[in-house]
Amino acid sequence: MKKNDWKERLNIVYSTNPNFEYETEGDEEPQRTPDKSEQNLRVSIDRKNRGGKVVTLVTGFKGTEEDLKTLGKLLKSKCGVGGSAKDGEIIVQGDFKAKVIELLLKEGYTRTKGTGG
């Protein structure tokens with residue numbers, strides 16, 4: 001499927017140069033995911049901008065988007081709920097802070113901490 005990147009080029013002026021290639025700026029995705037013991041994950045409960053629903057938020061993940069989605073899938077399946085994993089954070093629907101911390105520690109994420117409410 002063709003990647004449609006027109007949204008990234010909204011403020012670009014037309015160029016008559018036949019060899020012009022648009023270069024996107026932005027964060028390059030890391031080539032590899034750091035070791036589990038090097039990850040500084042923070043687990044918190046969030047209620048803001050979610051229509052009053054409570055979610056468990058895991059932030060601080062550094063690595064590839066694929067590894068993030070794999071970890072998110074594991075946490076969601078172990079908690080038996082839905083959620084999402086994107087932009088370096090994992091959202092697990094419901095208040096599962098203690099269970100998520102326990103699961104992350106069991107998986108080898110030794111620098112995991114709970115924060116906030």
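Being a predicted model, the structure only gives us computed values, none of them experimental.
Looking at F96 and L75, their side chains never come closer than 4.5 Å, going by heavy atoms from C-beta outward. You'll find the side chain of D87 stays beyond 4.5 Å of the side chain of L68, heavy atoms only. In this structure the side chain of T115 never reaches within 4.5 angstrom of the side chain of V43, judged on heavy atoms.
The distance from the NZ atom of K73 to the OG1 atom of T70 is 8.0 Å, given to the nearest 0.5 Å. With values rounded to the nearest 0.5 angstrom, L57 atom CG is found 9.0 Å from I45 atom CD1. Within the model, atoms OG1 of T64 and NZ of K69 stand 11.0 Å from one another, a figure rounded to the nearest 0.5 Å. To the nearest 0.5 angstrom, K113 atom NZ is 11.0 Å from L105 atom CG. Between L71 atom CG and E107 atom CD the span is 7.5 Å, to the nearest 0.5 Å. One distance of note links OG1 of T112 with NZ of K36; it measures 11.0 Å at 0.5 Å rounding.
Smallest separation of non-hydrogen atoms from A85 and G72: CB-CA, 4.4 Å.
One N or O on the side chain of K99 and one on the backbone of K78 form a donor-acceptor pair closer than 3.5 Å. Looking only at distances, no side-chain donor or acceptor of Q39 sits under 3.5 Å from a matching main-chain atom of R111.
Under the 4.5 Å side-chain contact rule for hydrophobic residues, L74 and I101 share a cluster. Residues Y109 and L103 are members of one and the same hydrophobic cluster, defined by side-chain heavy-atom contacts under 4.5 angstrom among Ile, Leu, Val, Met, Phe, Trp and Tyr. V100 and V55 are assigned to two separate hydrophobic clusters, defined by single-linkage of ILVMFWY side chains at heavy-atom distances under 4.5 Å. Both V58 and V81 sit in one connected hydrophobic cluster of ILVMFWY residues. Membership requires side-chain heavy atoms under 4.5 Å apart, directly or through other members.
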